[in-house]
> 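Submitted below is the structure of interest, expressed as structure tokens.
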Amino acid sequence: MIGQRDRSRRSLFIAGDIERFIPDDHILKRVDRVLDLSWLHEAVQGYYCTDNGRPGIDPEVAVRLMLAGFFQGIVHDRKLMREAQVNIAIRWFAGYELDEALPDHSTLSRIRARWGADTFQAIFRKTVQGCIDAGLVSGETVHVDATLIRADVSWESIVTRHAEDVFRENRDDDDDVSADPPKRRGRPRTRGKKPKKVSLTDPEATMATSSRGHYLEPTYKQHTTVDDRAGVVIDVDLTTGEINEGTKLIETIERVACMTGKPIKRITADKGYAHAVNYGELEQRGIDAVIPPQRDSHYGKGEVSIKRFKYDGLHRRVVCPGGKELTRTSRGKNGWIYASKRSDCRSCRLCRRCVPPSAERRTILIVDGYEALVRARRRKARGWDDHTRHVYNRHRHLVEGIHGEAKEQHGLRRAVRRGLENVAIQVYLTAAVINLKRLAMASLGPIRRCVFIIDRVARDMHQAVLSFGRRYLFSLDEWYSTA
């Protein structure tokens, strides 16, 4: 028998709490059990006037609205408030009844500008502390990686700017314009400085790329540290896209050790962090560095590699492949420069292969931490043991999986707002949402947790099968149409 329902009838009154209309397994309902923002009122009290002005929106309500949007991948305030008009779960999570008026979307923008990035960083750290209290963080093995975030600018806003023009425009009036620039030490520059591309709408975003085969884009760079036990994000930092991630490793592990209160025993990272100074610093701190070293670089084709030079770290001696000792000449930015004698290079049979055509002798740079770098190369050449390979494989699916989760599910593939501080707020809120999901999962019992995981895996497999079927049928249709 076919059913029929009268859609013209409307209920004037609804008895009961709005909570009963939200499923128990809804993400906002599970997060509400573990989210604690009782400290927020006192933390932001200094940003408001106590005896003047109209009452503002409750700070906890504002944060709950932002978090609710990030949980569903809604990062734009206008879209969030439109969704909150009809979404019962968002209204309940933020504390609004069905007949209450929601705040305007501009209220959230003003709150972010008033609080600044430090307040949202404190919200993220509170989620980390909650995961630590729940036993989800061990602090012994951490995984570090960086990812690029596309800036919210258009290609039309990118212009070419020369460094000399910038210095000339920003010169003070008291400076003597006719004065000669300071002389540059070292060999004179044969090529001019490459012009730098910047965005006029977001000057803090810099041009960078994740691979050599991809073009440069205006980006920011997020530096992420994930704990090995449950995949909790224990530290995030945001810089411009051109910053090398390897230069941020030491200060990252210092923040992590301060946050967890435990010494780090093992750290994993990719080849972008394989700097000699990092190997040396980690070795001094007693941290096992599971970082694959990069290949040694060559100045030219067929040149004798620096690995053929024997370095004695105890006596600080360098011996070339021809058996001649090099002299330590000067201190560079990252280490000591060793140079051979011209007479030794002229009489050496490896001179044409070793010395560049534009030089008369061979010079090499022994960077800081070179001994630790050599030991890391030897360890990798001999082969990592099973435990080390297992830890590095976990690095791939944990920290890189966090980046994929943040970009695919929570809208971090592209920045929503402009400026380093505004993008940092988006990064902190995304990391807090990811930690709250881990914390909400841990609050479930072991049986309910297994049922939830099995159900989620089943849904993912169902979606994968449907996606494969659609692609297969589309390929068949395309083949029949072209046959």
Side-chain angles (χ1 to χ4, degrees), residues 139-146 223-226 228 235 237 243-258 260 262-299 303-321 325-339 362-396 399:
E140 296 181 355
T141 302
V142 297
H143 309 279
V144 181
D145 198 9
H223 308 268
T224 311
T225 306
V226 180
D228 182 76
D235 184 75
D237 188 25
I243 298 297
N244 192 318
E245 59 265 25
T247 60
K248 295 290 183 179
L249 181 62
I250 304 305
E251 60 183 77
T252 296
I253 63 176
E254 291 178 352
R255 289 196 304 266
V256 169
C258 181
T260 60
K262 300 178 182 178
I264 300 175
K265 296 183 178 180
R266 187 178 296 103
I267 186 171
T268 68
D270 56 17
K271 292 183 179 180
Y273 296 84
H275 297 183
V277 63
N278 290 338
Y279 284 115
E281 186 67 25
L282 293 176
E283 194 176 86
Q284 291 181 3
R285 296 171 182 257
I287 301 176
D288 182 18
V290 185
I291 305 174
Q294 298 179 358
R295 296 180 180 179
D296 58 325
S297 59
H298 295 264
Y299 286 105
E303 185 184 356
V304 177
S305 171
I306 190 178
K307 291 196 299 184
R308 298 187 59 182
F309 288 76
K310 297 180 181 180
Y311 175 68
D312 184 3
L314 180 61
H315 301 91
R316 297 179 180 177
R317 297 174 61 250
V318 177
V319 180
C320 70
E325 183 177 350
L326 277 68
T327 305
R328 189 167 71 170
T329 59
S330 60
R331 168 74 183 181
K333 181 180 180 181
N334 300 321
W336 287 94
I337 299 176
Y338 288 79
R362 178 66 185 270
T363 59
I364 63 173
L365 173 65
I366 301 298
V367 296
D368 299 330
Y370 180 74
E371 302 94 324
L373 175 61
V374 172
R375 285 188 284 269
R377 286 175 176 172
R378 291 174 181 173
R379 178 186 178 187
K380 187 66 172 65
R382 295 169 183 171
W384 285 346
D385 54 16
D386 295 338
H387 179 68
T388 303
R389 287 196 299 268
H390 173 70
V391 171
Y392 191 72
N393 290 335
R394 287 183 62 82
H395 161 84
R396 292 182 176 181
V399 65

> Tell me, please, which residues at least two apart from R308 pass salt bridge (charged side-chain N to carboxylate O under 4.0 Å, His left out).
none
> Between E325 and K310 (salt bridge meaning N to carboxylate O under 4.0 Å), is one present in this structure?
no
> Side chain to side chain donor-acceptor pair (under 3.5 Å) with E371: which residues, sequence neighbours excluded?
none
> Could you tell me which residues satisfy side chain to side chain donor-acceptor pair (under 3.5 Å) with T268, sequence neighbours excluded, listed by chain and number?
H143, H395
> Sequence neighbours excluded, which residues qualify as ring-ring contact (aromatic ring centres under 6.0 Å, His included) partners of Y370?
Y311
> Given side chains that start at C-beta, do those of V144 and L249 come closer than 4.5 Å, heavy atoms only?
yes
> Could you work out, with side chain to side chain donor-acceptor pair (under 3.5 Å) as the rule, every residue matching D312, not counting sequence neighbours?
H315
> Who passes side chain to side chain contact (heavy atoms under 4.5 Å, CB included) against R328, sequence neighbours left out?
R316, W336, Y338
> Could you check if a side-chain atom of D270 sits within less than 4.5 angstrom of a side-chain atom of D145, using non-hydrogen atoms only?
yes
> Could you check whether any side-chain heavy atom of V277 comes within less than 4.5 Å of a side-chain heavy atom of V367, counting everything from C-beta outward?
no
> Just jot down the side chain to side chain contact (heavy atoms under 4.5 Å, CB included) partners of T388, sequence neighbours excluded, or say none.
V290, R379, W384, D385
> The criterion is side chain to side chain donor-acceptor pair (under 3.5 Å); which residues satisfy it with T260, sequence neighbours excluded?
none
> Who are the side chain to side chain contact (heavy atoms under 4.5 Å, CB included) partners of E251, not counting sequence neighbours?
D237, K248, R255
> Among pairs that include at least one residue of residues 263-289, which meet ring-ring contact (aromatic ring centres under 6.0 Å, His included), considering only residues two or more places apart or in two chains?
none
> Residues two or more places apart in sequence or in another chain: which of them pass salt bridge (charged side-chain N to carboxylate O under 4.0 Å, His left out) with R331?
D368
> Which residues pass the side chain to side chain contact (heavy atoms under 4.5 Å, CB included) test with K265, not counting sequence neighbours?
E140
